[in-house]
Protein chains: 2
Amino acid sequence: MADHTADQEAWASALHSHGRRVTKQRLAVLAAVQHNPHSPAEGILAAARKDLPELTAQSVYVVLSDLTDLQMLRRFEPPHSPALYETRVGDNHHHAVCISCGRVEDVDCAVGHAPCLTPHWDEHSKPMTIQIADVLYQGICQDCQAKQQLPTQTQVTHEIGER
Amino acid sequence: MADHTADQEAWASALHSHGRRVTKQRLAVLAAVQHNPHSPAEGILAAARKDLPELTAQSVYVVLSDLTDLQMLRRFEPPHSPALYETRVGDNHHHAVCISCGRVEDVDCAVGHAPCLTPHWDEHSKPMTIQIADVLYQGICQDCQAKQQLPTQTQVTHEIGER
DNA sequence: GCACTTATTATGAGTGCTTCACAATAAGGC
DNA sequence: GCCTTATTGTGAAGCACTCATAATAAGTGC
């Protein structure tokens with residue numbers, strides 16, 4: 001696995017290069033996102049508080065937004081879910097979400113750089129200059145598929161569900 | 001353009017076939033979405049109230065959710081924006097949003113049926129059975145591009161902006 | 001056409017996620 | 001170590017949406 005100290009130093013220099021101060025709150029948030037990819041703000045807060053109990057939810061929101069703007073974090077908003085954050089940035093990868101349990105998996109970008117797809121404009125629309133193409137895959141994960149096979153009486157489908 | 005009466009009759013029979021009653025509220029919402037594609041619930045409410053002033057916001061939310069579940073409407077959730085609705089369903093088309101003004105354009109599906117893309121799973125992730133691939137294109141529309149050329153002193157960029 | 005049953009809508013309050021305004025704190029340059 | 005200003009904490013507010021319940025009206029049978 002990655003070396004904690006190395007991560008911290010890399011983050012510190014990245015923060016410096018963006019003119020940001022290196023605070024324990026920012027480092028705690030970055031470490032929490034690193035170790036809990038695809039987590040919502042609330043989950044980041046809980047994880048970061050293990051190292052820094054006095055951290056507040058509002059600080060987490062501020063830090064997450066700022067670091068996302070700086071491209072040090074990436075925000076991802078699945079339908080019917082709060083925003084999720086990850087440290088994997090700059091590779092334009094995509095996401096697959098399970099419509100049954102909400103689990104998120106990374107999917108490599110087929111092309112490897114943005115935009116990875118070129119739109120086919122229909123005749124009535126005005127073309128835009130595309131910068132990014134985000135692909136959201138929706139399906140059923142292996143675990144949920146297995147659960148759906150068994151239950152004849154039990155019927156324990158969707159834990160979070162699509163609502 | 002489309003014939004209003006024909007639309008109404010088509011919607012009425014579709015509602016019947018789903019076991020729903022044909023109410024003026026549902027027809028007003030459908031007509032409002034038809035004439036204002038990519039509008040949020042609030043916009044649908046405003047449009048529908050021109051025909052049906054006593055319609056309430058809560059009813060619009062209920063009707064939109066129900067019709068979306070029935071696949072008579074499609075819901076689309078751009079980042080930092082409330083959900084948008086459209087009557088174009090069943091063709092798995094995609095969307096392009098302008099990051100400057102928020103304008104939305106339809107983009108035909110590259111392949112024409114869902115899923116239109118097959119993910120390349122990275123070695124650490126557990127593959128899912130994919131049912132839908134939604135592509136979200138983000139870029140700058142022609143109008144905003146034109147605005148960004150001119151202003152040297154004026155600097156009137158982003159009206160809604162990415163925040 | 002008229003009453004009746006039940007889906008649908010209106011009313012009003014409430015929830016989750018996120019942001020805002022301002023005061024308290026602390027990072028980094030001198 | 002001190003000072004300036006970014007950053008964080010505190011408390012409240014906002015938006016989009018949902019929930020619970022009562023009032024209304026669509027569609028059915030007579």
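All chains are named by letter (A, B, ...) in the order of the sequence lines, taking the proteins before the strands, and each is independently numbered beginning at 1. Side-chain atoms are counted along with the backbone in the values below, which use heavy atoms only and exclude waters and symmetry mates. Owing to the predicted nature of the structure, the values given are computational and were not obtained by experimental measurement.
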May I have the list of side-chain donor-acceptor pairs in residues 41-48 of chain B shorter than 3.5 Å, sequence neighbours left out?
none

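- Partners of B:Arg88 under the salt bridge (Lys or Arg N to Asp or Glu O under 4.0 Å) rule, at least two apart in sequence or in another chain, are A:Asp122, B:Asp91, B:Asp106, B:Asp108.
- Qualifying salt bridge (Lys or Arg N to Asp or Glu O under 4.0 Å) partners for B:Glu105, counting only residues two or more places apart in sequence or in other chains: B:Arg103.
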Pairs under 3.5 angstrom only: tabulate donor-acceptor contacts from the side chains of residues 50-64 of chain A to other protein residues two or more places apart or in another chain.
residue	atom	partner	partner atom	Å
A:Thr56	OG1	A:Ser59	N	3.3
A:Thr56	OG1	A:Ser59	OG	2.9

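- Following rounding to the nearest Å, B:Leu70 (CG) and C:dT8 (P) show an atom-to-atom distance of 10 Å.
- Remark: A:Arg49 engages no residue in a salt bridge (Lys or Arg N to Asp or Glu O under 4.0 Å) (not counting sequence neighbours).
- Between B:Asp134 and B:Arg74 there is a salt bridge, with a side-chain nitrogen of the basic residue lying less than 4.0 Å from a carboxylate oxygen of the acidic one.
- Per the geometry, NE2 belonging to A:His80 stands 8 Å off P belonging to D:dT18, to the nearest Å.
- With sequence neighbours excluded, the residues that form a side chain to side chain contact (heavy atoms under 4.5 Å, CB included) with B:His120 are A:Ala110.
- For the pair B:Leu45 CG and D:dC17 P, the computed distance is 12 Å after rounding to whole Å.
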## Note on the structure
Its contact letters, B for base, S for sugar-phosphate only and - for none at protein heavy atoms under 4.0 Å, make nucleotides 2-8 of chain D read ---BBSS

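- Evaluation of the side chain to side chain contact (heavy atoms under 4.5 Å, CB included) rule for A:Gln71 yields no partner, not counting sequence neighbours.
- Inter-axis angle, ends of the helix from C:dG1-D:dC30 to C:dC30-D:dG1, five pairs per end, rounded to 10 degrees: 30°.
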